[in-house]
Visitor: 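Sending over a structure as structure tokens; questions will come in a sec.
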Amino acid sequence: MRRNLNYDLLAIHEDLNMLRSMDGQEAIDKAARHRERIDAIGRGGHEHNIELVRPRKGYTACHLGEKPPGAMTIIDKSASRTSGVGSRYQQLLSSVAHGQLHGLSRFLIHAPSPTDPGKVIVQMSIADHDLALHLLAGPLCASTLVEHLRWFFGWDTSELDRITLVMMHTWGRIAGVPYAGPELTA
């Protein structure tokens, strides 16, 4: 319950950060409702001897009890028994997913141009299946997002089921790791 309330507090905090840059009565009213919700969570926690911690930094979320571990800590503990593997993998995926040079440049080789001195030729230096393995988290996240939208909002996402299944099977074929989910039907 405390973990769920801490997620709620984090979501409220992020929304409050966005509302700070907005004008108008609707934004003011929504921010007030968020502050009321934070106070209500604090009162509920106090009733169960768990205090609401309000950090002094304006851009840090409130939390009940001990500060929840950050995403990188959770990823690191979940991914491997070797410390640092999960967080490094997440950093690599994030750098590639966001198109950052330090992530993408890992897949490139640079060679001097034989015909144009002072210029460099750049080309991919990774096989399709290796790149698909490195970036497997992309389609996994997309398919999980579809499932969560269905569950969380009650949306009918059935039109996306076949597309998602095709994506997962295609990615698995390229990576050389067959998708273990449902089979494709005609």
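Note that the structure is predicted; figures quoted are calculated from it, not measured.
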Visitor: Taking everything shown except E159 itself, do over 12 heavy atoms lie less than 6.0 Å from its CD?
Guide: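 Check fails, neighbour count at 12 or below.
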Visitor: Please determine which of V53, I41, N4 meets the side-chain contact (heavy atoms from CB on, under 4.5 Å) test together with L9.
Guide: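 Checked V53, I41, N4 against L9; only one passes side-chain contact (heavy atoms from CB on, under 4.5 Å): I41.
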Visitor: Within the 4.5 Å heavy-atom criterion, are I28 and Q25 side-chain neighbours or not?
Guide: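 Yes; the side chains approach each other to less than 4.5 Å.
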Visitor: Quick one: CD on E51 to CG on L64, what's the gap to the nearest 0.5 Å?
Guide: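 If we round to the nearest 0.5 Å, E51:CD and L64:CG are 9.0 Å apart.
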Visitor: State the CD-CG distance between E147 and L149, to the nearest 0.5 angstrom.
Guide: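 Those atoms lie 10.5 Å apart.
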Visitor: Quick one: NZ on K67 to OG1 on T60, what's the gap to the nearest 0.5 Å?
Guide: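 With rounding to 0.5 Å, NZ (K67) is 6.0 Å from OG1 (T60).
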Visitor: With side chains defined as the heavy atoms from C-beta onward, is the minimum distance between R162 and L184 less than 4.5 Å?
Guide: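 R162 vs L184: side chains touch.
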Visitor: Please examine the side chains of I12 and C62, heavy atoms only from C-beta on, and report whether any two atoms are closer than 4.5 Å.
Guide: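 The answer is no, as the side chains (C-beta and beyond) never meet within the 4.5 Å cut-off.
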Visitor: Within the structure provided, determine whether R54 and I38 are in side-chain contact (heavy-atom separation under 4.5 Å).
Guide: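 In short, these two side chains touch, coming nearer than 4.5 Å.
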Visitor: So does D29 have more than 12 non-hydrogen atoms from other groups sitting under 6.0 Å from CG?
Guide: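 Counting neighbours around CG of D29, more than 12 heavy atoms of other residues, nucleotides or ligands fall under 6.0 Å, so yes.
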Visitor: For the atom pair CG (L165) and OG1 (T170), what is the distance rounded to the nearest 0.5 Å?
Guide: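 Rounded to the nearest 0.5 Å, the CG-OG1 separation comes out at 9.0 Å.
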Visitor: Is any side-chain heavy atom of N17 closer than 4.5 Å to a side-chain heavy atom of R20?
Guide: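 The answer is yes; the side chains approach within 4.5 Å.
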Visitor: Side-chain contact, heavy-atom cut-off 4.5 Å: I50 with M1?
Guide: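 No, their side chains stay 4.5 Å or more apart.
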Visitor: Kindly say whether H63 contributes a backbone atom to a donor-acceptor pair with the side chain of N6 at under 3.5 angstrom?
Guide: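 It does not hold such a pair.
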Visitor: Does atom CG (D116) have a neighbourhood of more than 12 heavy atoms from anything else shown, all under 6.0 Å?
Guide: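 Buried by this count: over 12 neighbours within 6.0 Å.
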Visitor: Rounded to the nearest 0.5 Å, what's the gap from NZ on K30 to CE on M22? Could you check?
Guide: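 Taking NZ in K30 and CE in M22, the distance rounds to 7.5 Å.
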Visitor: Rounded to the nearest 0.5 Å, how far does CH2 of W171 lie from OG of S143?
Guide: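 One finds 11.5 Å between OG of S143 and CH2 of W171.
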